[in-house]
Each structure stands twice: as C-alpha cells, then as structure tokens.
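Note sheet for the following structure.
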Amino acid sequence: MSFPVAFYSPVASITQDEEKARKAKMAIIIERYKEKVLALPRKEIDTNLHLCKYEGFWYHHGFWLHSNANFSVEAIMALQDEFQALPTDVFLASQVKSGTTWLKSLGFAILNRAKFKIDKDSCATHPLITTSPHDCVPFLESESFLNNPSYANGLMGTHIPYTSLPQSIISSDCRIVYIHRNPKDMLISFWHFMNTLREDGSSPIKLDDTFELFCKGLTPNGPFWDHAIGYYKASLERPNKVLFLTYEKLKEDTYNEVKRLASFIGSSFTKEEEDDGSVQEIIELCSFKKLSEAHKGNKDGSHSSNGIYFRKGTVGDSVNYLTTEMIKTLDEIAKEKFDGLNISF
C-alpha cells in the first residue's frame, strides 16, 4: 500500500481572521455538547485545572488555558460525531509527555523524505527545524476547530485513548502507531511541563500533588495505564494496523526501531537508502539535540514557545525527583495494571 506525502499544517501560519473564526467554531462546538458535558462526572483539581470523565478517561472541558479549547472533551465528542478517516491515514498516538514530539518528527521526516531533503545544505530549512513538529503533524483534537482542517494530509497525532477514537479510524484500513513510556519518567516530564504553562505569578505545582493525582488516574487523558493497555491490546488484535512502540526501546535501538516504524507506515527504506546513510540522517535530524537547539529560542534571545516541548529527552531521570516510596508505589501500580501483559519499559 502506498501512502500520501504529508504536508505541514496551516496552524503555523494562521491569520488573525482565521484565529477569530476558529474560536467562534470552538464556541459553537462547546455549546453543542454543553448538556452532555454537564452530565459527566467532574473533578476540580485546582483553579487552573478542571477535569471531567468521559468513556473512562479524564479530559479538560470548555475553554481553558488561555481560552484554548484544544484537547477538550467537546473536541473528542465532535470528532466522534464528524471525523471520517481515510484508509491511507496514519495516526501517531501517545499519552502526554511520552515521546510525542519525537514520534511526530520521525513520522514526518520518514514520509516526507522525498520532498524535504536532509543533506547539509537543506537541513536548516527543513520544516521540522523552521516550524514546530506539532505544526508539521497536527493533533487531531485541535484540527476539529479549524475551518479548513488538514485531515487530507494523511499524518495526524492524537492523545485520544484507543477506545474513544472516532469509529471511522477503528473500522478503516488506516495505520496507528502508539508510543509508550515508563510512567515514572512520564510523570516527571508532565510535572515539569505543567509548571511551564503556569501563568506568571502563580505558585508552581508541587510534585507530591502531581504524584497523588497521577496515581489516581487524574491527569488529562488518564488513567495512564488504561491508555497504554487500550493500544497494547489493539496491537495484539490488529498487528497489521496498530504498532506499539516504547520510548525506551526507541532510545536503545533507534536505528532498527526507525526502520520498523518506516515499514509499518508504508514507507520502508530501500537498500540504497540504508547504504547511503539516509536512515541515520533522519535519526540525527529528529534527535533531541538537533530539535531542542533549533527551538530553544530566537536569535534575539527571546523564548520560543516551541522550546517547552524539549526538556531532557532521557531515560531514568525520574530517580532524581521521586522518593523511594514514590517509586515503589508506581511500580506496584504498574505491576497490578499490566499483569499478564507484555508491556515493558
């Protein structure tokens, strides 16, 4: 099966009028599902974080985080009602802070390697360097709010749990790639990320509080374990349509895992590409070092919003933050939740 070349999203260059129209559409969607959302169980985590439970998972609802309704439960409901997947589509799925940016970068570079060369002369102008990987591979949840969504691009990211994906994705012939990460490292990355989103002057979120909520499953798109289990079981039931990757294996054996990813999404590397170093060029382009340097800030020293997606990109950093008791608790939960499943990290 051949797959279309993906192009980067119009989100990166959205105009003021388009943003106004987008927010108007957000308001319509939120109003449309108002009664349905009001009937859902909900939790007020703090003044900046309100979650409601839908189909077994927790989501933001309504306008939140600087009037942004992306990833809200209303977006999920709208997608379930309206989205129609194509058999050639590829969806890159993940929990938050589990390797999303890396997977998107690799997927985009692999599918677009004929259009965007990665040699010394052209690397600096590659879309992954000049724009955010999240604009190159838009989130399905945010695309529902665009007047001209880039669904036809063929490559989309999502944090939606498998069991809540639009039915057209499940029933179509499209491919889904999921990346799983050690819950301890994911927790620490998520805690740091949420603190970067705090408004100026607001108190930082305490690790103890984040840990407690995480253990209870009270994180966006959580519980973490149920999210992973859904995609893992789907990969066993539909191995030709759902690929289950782990962040740790991707770090340990990047070359072979990238080849495996390319083959699964219908864009295998040729023998010539392997011999001429094309695989390694993509790995280096999508490396934490390369992308974090490109997005750490502007030339005048001002902060780049894309920089918030890059912190350390390492395995095992959680030991520097979690207490022995916290580690024990998380290991016990993982052992219980993943019992009988070959989910490792």
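This is a predicted model, so every value here is computed, not measured.
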In Å, rounded to the nearest 0.5 Å, how long is the span from [atom1] of [X] to [atom2] of [Y]?
| X | Y | atom1 | atom2 | answer |
| --- | --- | --- | --- | --- |
| Ser72 | Met26 | OG | CE | 8.5 Å |
| Ile129 | Leu285 | CD1 | CG | 5.0 Å |
| Leu165 | Phe91 | CG | CZ | 8.0 Å |

Ignoring hydrogens, what is the shortest heavy-atom contact between [X] and [Y]? Give both atom names and the distance.
| X | Y | answer |
| --- | --- | --- |
| Ser263 | Ser268 | CA-OG, 3.2 Å |
| Tyr162 | Ala234 | CZ-CB, 3.4 Å |
| Asp185 | Gly316 | OD2-N, 2.7 Å |
| Leu51 | His61 | C-CD2, 4.3 Å |
| Ser344 | Thr246 | O-CG2, 3.6 Å |
| Leu111 | Ser267 | CD2-CB, 3.8 Å |

### Task
On the 0 to 90° scale, with breaks at 30° and 60°, tag the Tyr178-Tyr231 ring pair as parallel, tilted or perpendicular.
parallel
Can you check whether [X] reaches [Y] side chain to side chain, under 4.5 Å on heavy atoms?
| X | Y | value |
| --- | --- | --- |
| Met156 | Phe139 | no |
| Leu140 | Ile169 | yes |
| Lys25 | Ile29 | yes |
| Tyr321 | Leu187 | no |
| Phe214 | Pro183 | yes |
| Thr254 | Trp102 | yes |
| Ile176 | Lys241 | no |
| Cys136 | Thr131 | yes |

Donor-acceptor contacts under 3.5 Å from residues 272-283 side chains, at least two apart:
| unit_1 | atom_1 | unit_2 | atom_2 | d |
| --- | --- | --- | --- | --- |
| Glu273 | OE1 | Arg113 | NH2 | 3.2 |
| Glu273 | OE1 | Thr270 | N | 2.9 |
| Glu273 | OE2 | Arg113 | NE | 2.7 |
| Glu274 | OE1 | Lys259 | NZ | 3.2 |
| Asp275 | OD1 | Lys271 | NZ | 3.2 |
| Asp275 | OD2 | Lys271 | NZ | 2.8 |
| Asp276 | OD1 | Ser278 | N | 3.0 |
| Asp276 | OD1 | Ser278 | OG | 2.6 |

### Task
Could you walk me through whether Met77 and Val37 pass side chain to side chain contact (heavy atoms under 4.5 Å, CB included), step by step?
CA-CA 10 Å; Met77 292 174 175; Val37 171; 4.0 Å; yes
Say whether, by atom type as modelled, one donor and one acceptor occur between the side chain of [X] and the main chain of [Y] under 3.5 angstrom.
| X | Y | answer |
| --- | --- | --- |
| Ser98 | Val96 | yes |
| Lys97 | Ser189 | no |
| Gln95 | Asn221 | yes |
| Asp89 | Leu86 | yes |
| Glu248 | Arg181 | no |
| Ser164 | Ile160 | no |
| His159 | Ser94 | yes |
| Thr210 | Lys206 | yes |

### Message
Out of the candidates Ile76, Asp81, Leu40, only one should pair with Tyr33 under the side chain to side chain contact (heavy atoms under 4.5 Å, CB included) rule; please name it.
### Response
Asp81
#### Entry: Passing candidate, side chain to side chain contact (heavy atoms under 4.5 Å, CB included) with Leu245, options Leu92, Leu103, Leu106
Leu103
### Query
Are a donor atom and an acceptor atom from the side chains of Gln84 and Ser168 found within less than 3.5 Å of each other?
no
### Query
Do the numbers put Arg175 on top of the ring of Phe264, so that NZ or CZ is under 6.0 Å from the six-membered ring centre and no more than 45° off the axis?
yes
### Query
Checking Lys216 against Trp58: charged group under 6.0 Å from the ring centre and within 45 degrees of the axis?
no
Side-chain donor/acceptor pairs under 3.5 Å, residues 326-342, sequence neighbours excluded:
| unit_1 | atom_1 | unit_2 | atom_2 | d |
| --- | --- | --- | --- | --- |
| Thr329 | OG1 | Glu325 | O | 3.0 |
| Asp331 | OD1 | Lys184 | NZ | 2.7 |

### Presence of salt bridge, Glu82 and Arg32, under 4.0 angstrom
yes
### Message
Testing Tyr232, Phe224, Trp225, Tyr247 one by one against His180 for a ring-ring contact (aromatic ring centres under 6.0 Å, His included), which residue passes?
### Response
Phe224
